[in-house]
Amino acid sequence: MEEKPPGTGPSPEVAPAATKQRAPRKRRAETSRSPGPAGPAPKKKARKAPRRAAPHFLVHETDNDMLLIISNVGEERVRPTQKVSKRKRKKPRQLKGLRKPASSRGKGRVLTEQPVPAGSLGEGSKAFPPSTYPAAGSSWGKQLPVEILVQIFQHIVASEGSVPFLCRVARVCRLWYGAAANPVLWQKVSLGYCWAAPGQKWSPVVEKRVFGTVEWLAGHRFSHLRDFALCHWKNHVPFVLKEIGKSCPLLASLKLSHCSGVTAESLVALAACCPQLESLNVQNSQVHSSAVVSFLEAAGSRIRYLWLTYTRTSAVIAALSNGCCPGLRLLELNMEIKQSSQHFQLPIEQLQAACPHLQVLRLLNVVWNPKPRPRSAPPSQGFPEMAELCLATTSYSFVDDSTLQRILWASDQIRMLDLRGCFRVTPKGLQQLPCPDLEQLYLGLYCSTSQIHLPLEGSPLLTRKWSHSLQELDLAGQSFSEGDLEQAMASLAQGQSQKGGPPPLRSLNLTGTKVILSTVSTLITSCPALTYLNLSSCRHLPRGTKKAYRGQKEIRQCLHHLLTSAEEAL
């Protein structure tokens, strides 16, 4: 055979090399990137953190230096995805040496967004850059401004309290943690017995956890605390008061409700550590009178409000009468209804001289009699700022017209007078009081009146004097005659408010009285502001009407029933 000269045709040794040179670029790139068995491992690129989605709202600056947050969620419309055929799809023109982005090479649907123009909401609005909008209901709480979140928490705290609500929402995310730590939300705190059931003792583990929680809250959240309440703690009250005293220099009000184990040392230490403390409420708590007296001696010069519940109050009254609280504004002594065996003497003139700024005096279910006035004592100035006097009781009362005159002879600003159970007070004695604009008068008797001599007339003296200002009247259990009540209710119906409008009467309690049908009908017709009417146990009224009516709708139904009954009687 004739041999071919070299170079005239491809030889078997050259063919593979030629084939390797014609390999596609993509494969060549993959081959060049694949390391050999002994080559170094490729370096991995650092993964970028996902971008946080921008909030979907606009901030509009108003004329009153306020920021108006306007949400645009739902206004932004995403174009529906369209599937474009390969023939009509136009490839973007690219420069040489640049690679296509991964999004353009991928096959599938393309989502497009168009931001809301900033000028569509008026001048002063600033539109935040849109991003990938999350699905409806997903992570919406992370998109709220902190100021708006704090305002939302404020509304919940006002109704449910700071603890444990703020402790729970702080565990949602970092944004909520920062919002829940705002000092505005921790100015008023009520701490209950929430670690165990009522009456159940704490185990050592629970006790350690409680102490740690109280210490952490006092050190990290109570720096701006002003109003603190401790409820249903039977033990460890001194420990809580100690932590509050160390961390709460702005504390102004302390309430201990249904607590026991309160010591004088803890109260005195708290008074020394909290220079702004001006209110103490220990109602329904087992606190000895000596502890309260020690507290008043340490912080009495700045105490303004005092609520007490005791069996013996003579020591506290003596301390107040000696001038330990010259700036006292409110004093309330409350006893249990079932106990009425012990009573004390109230030095009226001495208390008036020691507490000249007293505005509210409440002696609830307290049996007391006035201490005789000393002959050599200088005349007192009374209570010129008194606005509320409550002497209500369900047991025996020593209060009569002369006692009431001694207390209120200089109180021309009195607005509320609660004398329920004071059967010795007469309408004539009330008429002589220097109270021109009394708004609330309670004279109901809620005790046994079988052996008590009650006045049969005099109710018109009350309604004629205060028909222009009286808004609430309670005559339950009184023995005024039918004609006397008819004149009294006619005076209320004919009275006018201070602005010249209809009578301001809103609440009327006539339980157990001798009021008649025509008197009630005239009263309802003449008092359009009446929203509460109690006609229980009124013997002179027809059946079906002897009950309590609440709201103008029920009162109008009562009037219709009374008029129908009157027509049937004729």
Side-chain angles (χ1 to χ4, degrees), residues 303-308 313 316-317 320-334 344-366 368-374 377-393 397-444 458-459 461-475 495 497-498 504:
I303 294 298
R304 300 291 182 269
Y305 309 95
L306 186 62
W307 290 267
L308 305 174
T313 57
V316 178
I317 293 296
L320 294 176
S321 302
N322 291 332
C324 66
C325 298
L328 193 65
R329 301 287 192 276
L330 181 147
L331 175 61
E332 179 174 333
L333 301 179
N334 190 0
F344 65 97
Q345 287 187 339
L346 181 66
I348 298 176
E349 287 75 19
Q350 190 175 356
L351 185 63
Q352 290 174 343
C355 303
H357 303 287
L358 194 64
Q359 299 176 358
V360 178
L361 177 60
R362 298 170 184 161
L363 303 178
L364 306 176
N365 295 314
V366 177
W368 60 277
N369 60 323
K371 189 175 182 179
R373 181 187 304 177
S380 65
Q381 298 180 359
F383 293 117
E385 300 181 14
M386 181 74 71
E388 177 182 342
L389 177 63
C390 180
L391 305 177
T393 181
S397 175
F398 292 93
V399 180
D400 54 4
D401 293 341
S402 61
T403 303
L404 199 61
Q405 187 68 25
R406 288 174 60 183
I407 297 176
L408 298 177
W409 71 270
S411 305
D412 56 351
Q413 300 181 11
I414 197 76
R415 293 293 182 271
M416 200 274 278
L417 191 58
D418 189 353
L419 301 175
R420 289 174 293 179
C422 301
F423 59 92
R424 298 173 182 269
V425 177
T426 63
K428 187 176 181 180
L430 291 173
Q431 185 191 21
Q432 297 176 358
L433 294 178
C435 311
D437 299 322
L438 192 65
E439 297 178 356
Q440 302 174 20
L441 178 61
Y442 302 96
L443 298 175
S459 59
L461 300 177
L462 308 177
T463 56
R464 290 170 185 171
K465 182 176 182 178
W466 294 306
S467 61
H468 66 283
S469 61
L470 202 59
Q471 299 179 8
E472 298 183 12
L473 178 61
D474 183 6
L475 298 177
S497 63
Q498 296 178 354

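Computed over heavy atoms, backbone and side chain alike; hydrogens, waters and symmetry mates excluded.
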Can you measure from [atom1] ([X]) to [atom2] ([Y]) and round to the nearest 0.5 angstrom?
X	Y	atom1	atom2	result
W307	L333	CH2	CG	12.5 Å
L433	W409	CG	CH2	13.5 Å
W466	L441	CH2	CG	6.0 Å
L391	W368	CG	CH2	5.5 Å

Mind listing the closest non-hydrogen atom pair of [X] and [Y] along with its distance?
X	Y	value
L470	Q440	CD1-N, 4.3 Å
P384	G382	CD-O, 3.3 Å
S411	C435	O-SG, 3.8 Å
G421	S397	O-CB, 3.8 Å
L389	I407	CD2-CG2, 4.1 Å
L320	C325	CD2-SG, 3.8 Å

Who passes side-chain hydrogen bond (donor to acceptor under 3.5 Å, both in side chains) against [X], sequence neighbours left out?
X	result
D474	Y446, N509
D400	S402, T403
Q345	none
S380	Q352

Non-neighbouring partners of E472 that pass salt bridge (Lys or Arg N to Asp or Glu O under 4.0 Å), sequence neighbours left out: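 For E472 the salt bridge (Lys or Arg N to Asp or Glu O under 4.0 Å) partners, ignoring immediate neighbours, are R506.
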Evaluation steps, side-chain contact (heavy atoms from CB on, under 4.5 Å), between L363 and L346: CA-CA 11 Å; L363 303 178; L346 181 66; 4.0 Å; yes
By ring pair (Phe, Tyr, Trp, His ring centres under 6.0 Å) - contacts of F423 (at least two apart):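 Ring pair (Phe, Tyr, Trp, His ring centres under 6.0 Å) check on F423 returns Y396.
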Other residues, nucleotides, ligands: >12 heavy atoms within 6.0 Å of Q431 CD: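 Yes, enclosed.
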Going by the rule side-chain contact (heavy atoms from CB on, under 4.5 Å), which residues pair with [X] if we only count those two or more places apart in sequence or in a different chain?
X	answer
R329	R304, Y305, H357, Q359
R406	I348, E349, P370, R373
S459	F480, D484, L485, A488
V425	V399, D401, L404, L419, C422, L430

Test log, rule side-chain contact (heavy atoms from CB on, under 4.5 Å), inputs L331 and L358: CA-CA 8 Å; L331 175 61; L358 194 64; 4.2 Å; yes
Verdict with supporting geometry, H468 and D437, side-chain contact (heavy atoms from CB on, under 4.5 Å): CA-CA 8 Å; H468 66 283; D437 299 322; 3.1 Å; yes
Student check: side-chain heavy atoms of V366 and T393 closer than 4.5 Å: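 Of all side-chain heavy-atom pairs linking T393 with V366, none is under 4.5 Å.
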Exam field: side chain S469 to backbone L438, donor-acceptor pair closer than 3.5 Å: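 The answer is yes, because a donor-acceptor pair under 3.5 Å joins these two groups.
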Pair listing, salt bridge (charged side-chain N to carboxylate O under 4.0 Å, His left out) test, anchored in residues 351-362, at least two apart: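 Listed once each, the pairs are E332-R362, R362-E388.
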